[in-house]
Peer 1: 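Would you mind keeping the following structure in view while I ask a few things?
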Amino acid sequence: MKFLCLAYGDEAGWNELNESEKEEVLAQDKVIQEKGNLMSAVQPKVTTVRNWDKNLQVTEESGEHNGLPLAGFSVIEAESVEEVIDLVADTPCARANGVIEIRRFWDTEEQQ
C-alpha cells in the first residue's frame, strides 16, 4: 500500500528543538528516504486550483485547515497505516509542534 503524508509545520516549531533533537528527527527522515520513499520539503508559496461547475479559480490561498503551512510531503510504501505512523512519528513536523496528515492511495486493483 502507498500512503501520502502531508507535513504541516513552521520554522518557529523547528527552532524550538535543540541541536540534538534536530539531528535525531532529520535522521528519521533519512530512514524513510533510504527505504526508497519519496520525501521532500516544499516552498511556502502555494497555488490552489478550483474548477467547480466549470468556473476556474486560481488563487495563492492555501487549503490548509489547521493553521499551519504545508511544509513537506512523502509518499511511503508500507504494509499498514500503523507502519507509516511509526515511520513519521519522529520526523521534524511531528516533533516540532506540527502535524503529519496520512492518506492512503486508492488501490485501483481493489476497486475493480
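Computed from a predicted model, the values in this text were never measured in an experiment.
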Peer 1: Are the side chains of P92 and L26 in contact, using a 4.5 Å heavy-atom criterion?
Peer 2: yes
Peer 1: Considering only heavy atoms from C-beta outward, does the side chain of R95 approach that of Q28 to under 4.5 Å?
Peer 2: no
Peer 1: Using 0.5 Å steps for rounding, measure from the CG atom of L38 to the CD1 atom of I32.
Peer 2: 11.5 Å
Peer 1: Of all residues at least two apart in sequence or in a different chain, which pass the side chain to side chain donor-acceptor pair (under 3.5 Å) check with D86?
Peer 2: none
Peer 1: Do I85 and M39 belong together in a cluster built from hydrophobic side chains that touch within less than 4.5 Å?
Peer 2: yes
Peer 1: Over all heavy atoms of both residues, which pair between L70 and A7 is shortest? Give the atoms and the distance, please.
Peer 2: CD1-O, 3.4 Å
Peer 1: Not counting sequence neighbours, which residues clear side chain to side chain contact (heavy atoms under 4.5 Å, CB included) with K2? List them please.
Peer 2: V75, E77, F105
Peer 1: Please answer whether the main-chain N or O of G13 pairs with a side-chain N or O of N97 as donor and acceptor at a distance below 3.5 Å.
Peer 2: no
Peer 1: For E34 and V31, indicate whether the former's side chain and the latter's backbone hold a donor-acceptor pair under 3.5 Å.
Peer 2: no
Peer 1: Who pairs with Q57 by side chain to side chain contact (heavy atoms under 4.5 Å, CB included), at least two apart in sequence or on another chain?
Peer 2: R50, N55
Peer 1: Assess the residue pair E23 and N18 against the criterion (side chain to side chain contact (heavy atoms under 4.5 Å, CB included)); give the C-alpha distance rounded to whole Å, side-chain angles, the decisive distance to 0.1 Å, and a yes or no.
Peer 2: CA-CA 9 Å; E23 289 175 20; N18 64 42; over 6 Å; no
Peer 1: For a quick test of reading the model, state the closest non-hydrogen atom pair linking L87 to T91 and the distance between them.
Peer 2: O-CG2, 3.7 Å
Peer 1: Does the side chain of I100 come within less than 4.5 Å of C5's, by heavy atoms?
Peer 2: yes
Peer 1: A78 and V84: which non-hydrogen atoms are nearest, and at how many Å?
Peer 2: CB-CG2, 3.6 Å
Peer 1: Of all the heavy-atom pairs spanning I76 and N37, show the shortest one and how long it is.
Peer 2: CA-OD1, 3.1 Å
Peer 1: Check whether any side-chain heavy atom of Y8 sits under 4.5 Å from a side-chain heavy atom of C93, and report yes or no.
Peer 2: no
Peer 1: Could you measure the distance from the CG atom of L6 to the OG atom of S74? Nearest 0.5 Å is fine.
Peer 2: 8.5 Å
Peer 1: Quick one, V81 and R104 - any side-chain contact, counting heavy atoms below 4.5 Å?
Peer 2: no
Peer 1: Could you list the residues that satisfy side chain to side chain donor-acceptor pair (under 3.5 Å) with Q33, not counting sequence neighbours?
Peer 2: none
Peer 1: Does some side-chain heavy atom of W14 sit less than 4.5 Å from a side-chain heavy atom of V25?
Peer 2: yes
Peer 1: Strictly by salt bridge (charged side-chain N to carboxylate O under 4.0 Å, His left out), give each pair with a member in residues 4-18 just once, sequence neighbours left out.
Peer 2: none
Peer 1: Just to verify, what does S80 make a side chain to side chain contact (heavy atoms under 4.5 Å, CB included) with, not counting sequence neighbours?
Peer 2: E82, E83
